Amino acid sequence: MTKFGELISVDKPVLIDFYADWDEVENSLDTLRDVAAALGDKAKVIKIDIKKNETLAEALRVKGNPTFMIYKNGEMKWRQTGYQDANTLIGLVQQYV
């Protein structure tokens, strides 16, 4: 939890993808790579495995897979459960750059 706080307490947007390995259909690593490549150093893109981080997932009430969140300066700015394409995610993150 402390490490999570450090990850999100930065002055650039942080896009987090909470995922589970058992759902590969919705879990597209290529999508996040495209987002990270498009945003460069203007934002962070992080994947967090729900099963390996159950305490964090419960604390944030992550129920669906995938669940995306955008944080900036430690504050959640946006949250959505369900698949999102790369262009949608890029546009959302750019609102907070």
Side-chain angles (χ1 to χ4, degrees):
M1 295 291 276
T2 303
K3 187 172 182 182
F4 181 74
E6 292 170 11
L7 285 173
I8 64 170
S9 295
V10 293
D11 64 351
K12 58 180 153 184
V14 180
L15 172 66
I16 302 172
D17 172 14
F18 285 92
Y19 74 99
D21 281 334
W22 46 263
D23 193 1
E24 289 298 320
V25 175
E26 298 290 342
N27 181 17
S28 174
L29 192 58
D30 290 339
T31 299
L32 286 183
R33 282 190 188 129
D34 291 347
V35 172
L39 295 170
D41 62 355
K42 291 185 273 186
K44 285 184 178 181
V45 179
I46 300 168
K47 289 180 69 68
I48 298 178
D49 187 327
I50 295 168
K51 289 296 173 195
K52 292 180 182 172
N53 297 279
E54 287 182 21
T55 303
L56 177 61
E58 285 177 24
L60 294 172
R61 296 186 177 105
V62 174
K63 304 289 183 208
N65 177 43
T67 295
F68 295 96
M69 297 179 192
I70 298 174
Y71 281 87
K72 186 171 181 178
N73 296 319
E75 181 183 338
M76 185 187 303
K77 300 293 187 179
W78 176 85
R79 176 183 177 138
Q80 181 73 44
T81 298
Y83 176 76
Q84 304 289 317
D85 65 64
N87 288 332
T88 299
L89 291 171
I90 292 165
L92 287 163
V93 173
Q94 285 179 331
Q95 293 176 34
Y96 303 104
V97 172

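The model shown is predicted, which means the values in this text are computed figures rather than measured ones. Note: hydrogens, waters and symmetry copies are ignored here, and every other heavy atom, side chains too, is used.
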Provide the full list of salt bridge (Lys or Arg N to Asp or Glu O under 4.0 Å) pairs with a residue in residues 67-91, sequence neighbours left out, each pair given once. E75-K77
Distance-only donor-acceptor hits, side chain of residues 30-37, under 3.5 Å, sequence neighbours excluded:
{"unit_1": "D30", "atom_1": "OD1", "unit_2": "R33", "atom_2": "NH1", "d": "3.4"}
{"unit_1": "T31", "atom_1": "OG1", "unit_2": "S28", "atom_2": "OG", "d": "2.9"}

Are W78 and Q80 packed together at the side-chain level, in the sense that at least one heavy-atom pair is separated by less than 4.5 angstrom? yes
For S9, side chain to side chain donor-acceptor pair (under 3.5 Å) partners two or more places apart: none
Holding to side-chain contact (heavy atoms from CB on, under 4.5 Å), I want the full list of residues that pass it with I8, two or more places apart in sequence or in another chain. F4, I16, Y71
Using side-chain heavy atoms (C-beta onward) and a distance below 4.5 Å, is L56 in contact with F18? yes
Please identify each residue that fulfils side chain to side chain donor-acceptor pair (under 3.5 Å) with N87, with sequence neighbours left out. none
Worked check of side-chain contact (heavy atoms from CB on, under 4.5 Å) between I46 and L15: CA-CA 6 Å; I46 300 168; L15 172 66; over 6 Å; no
With sequence neighbours excluded, residues passing salt bridge (charged side-chain N to carboxylate O under 4.0 Å, His left out) with K63: none
Can you see which heavy atom on I50 is nearest to which on G64, and at what distance? CD1-O, 4.1 Å
Closest contact, heavy atoms only, Q84 versus T88: OE1-CG2, 3.4 Å
With sequence neighbours excluded, what pairs up with A43 under the side-chain contact (heavy atoms from CB on, under 4.5 Å) test? P13, L39, V93
Between I48 and Y19, does the side-chain contact (heavy atoms from CB on, under 4.5 Å) criterion hold? Intermediate values first, please. CA-CA 6 Å; I48 298 178; Y19 74 99; 5.6 Å; no
